[in-house]
Amino acid sequence: MPRYFFHIDEGRHHTDAVGVELADLNAARREALRVIGELMIDNALGDIWSGREWVMTVADEASRELFSIRLSTSQRNGAGSG
């Protein structure tokens with residue numbers, strides 16, 4: 001099975017040196033969404049409400065970038081925390 005690497009940039013670059021073996025590109029897409037969801041729920045992305053863009057780039061074993069997912073947030077006036 002091919003190995004996919006899930007690199008994260010949220011102001012700092014985090015390189016996935018281990019990767020995950022998955023059946024195909026569609027499985028890598030599902031895994032990327034699953035990981036992003038977990039990171040958001042666990043607040044592991046830091047303050048996702050800061051307005052700073054957050055990017056996950058998925059690469060193959062040859063370090064070719066296959067796709068990326070970008071996440072950014074914005075708040076409207078009066079929509080403070082709490």
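Qualifying side-chain hydrogen bond (donor to acceptor under 3.5 Å, both in side chains) partners for Asn26, counting only residues two or more places apart in sequence or in other chains: Arg29. With sequence neighbours excluded, the residues forming a salt bridge (charged side-chain N to carboxylate O under 4.0 Å, His left out) with Arg3 are Glu21, listed by chain and number. Remark: Asp60 engages Ala62, Arg64, Leu66 in a side-chain contact (heavy atoms from CB on, under 4.5 Å) (not counting sequence neighbours). Remark: Ala32 engages Phe6, Met56, Val58, Phe67, Ile69 in a side-chain contact (heavy atoms from CB on, under 4.5 Å) (not counting sequence neighbours). Legend: residues meeting side-chain contact (heavy atoms from CB on, under 4.5 Å) with Val55, ordered by chain and number and at least two apart, are Glu53, Thr57, Ser68, Arg70. Listed by chain and residue number, Arg34 satisfy the side-chain hydrogen bond (donor to acceptor under 3.5 Å, both in side chains) test with Glu31 (two or more places apart in sequence, or in another chain).
Between the side chain of His14 and the backbone N or O of Ile8, no donor-acceptor pair lies under 3.5 Å.
For Glu65, the CD atom sits in a loose shell: 12 or fewer heavy atoms of surrounding residues, nucleotides or ligands are nearer than 6.0 Å.
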Practice item. Walk me through it: do Glu61 and Phe5 pass the test side-chain contact (heavy atoms from CB on, under 4.5 Å)? Key: CA-CA 8 Å; Glu61 294 171 298; Phe5 298 85; 4.2 Å; yes
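Heavy-atom minimum distance, Ala23 versus Pro2: O-CD, 3.8 Å.
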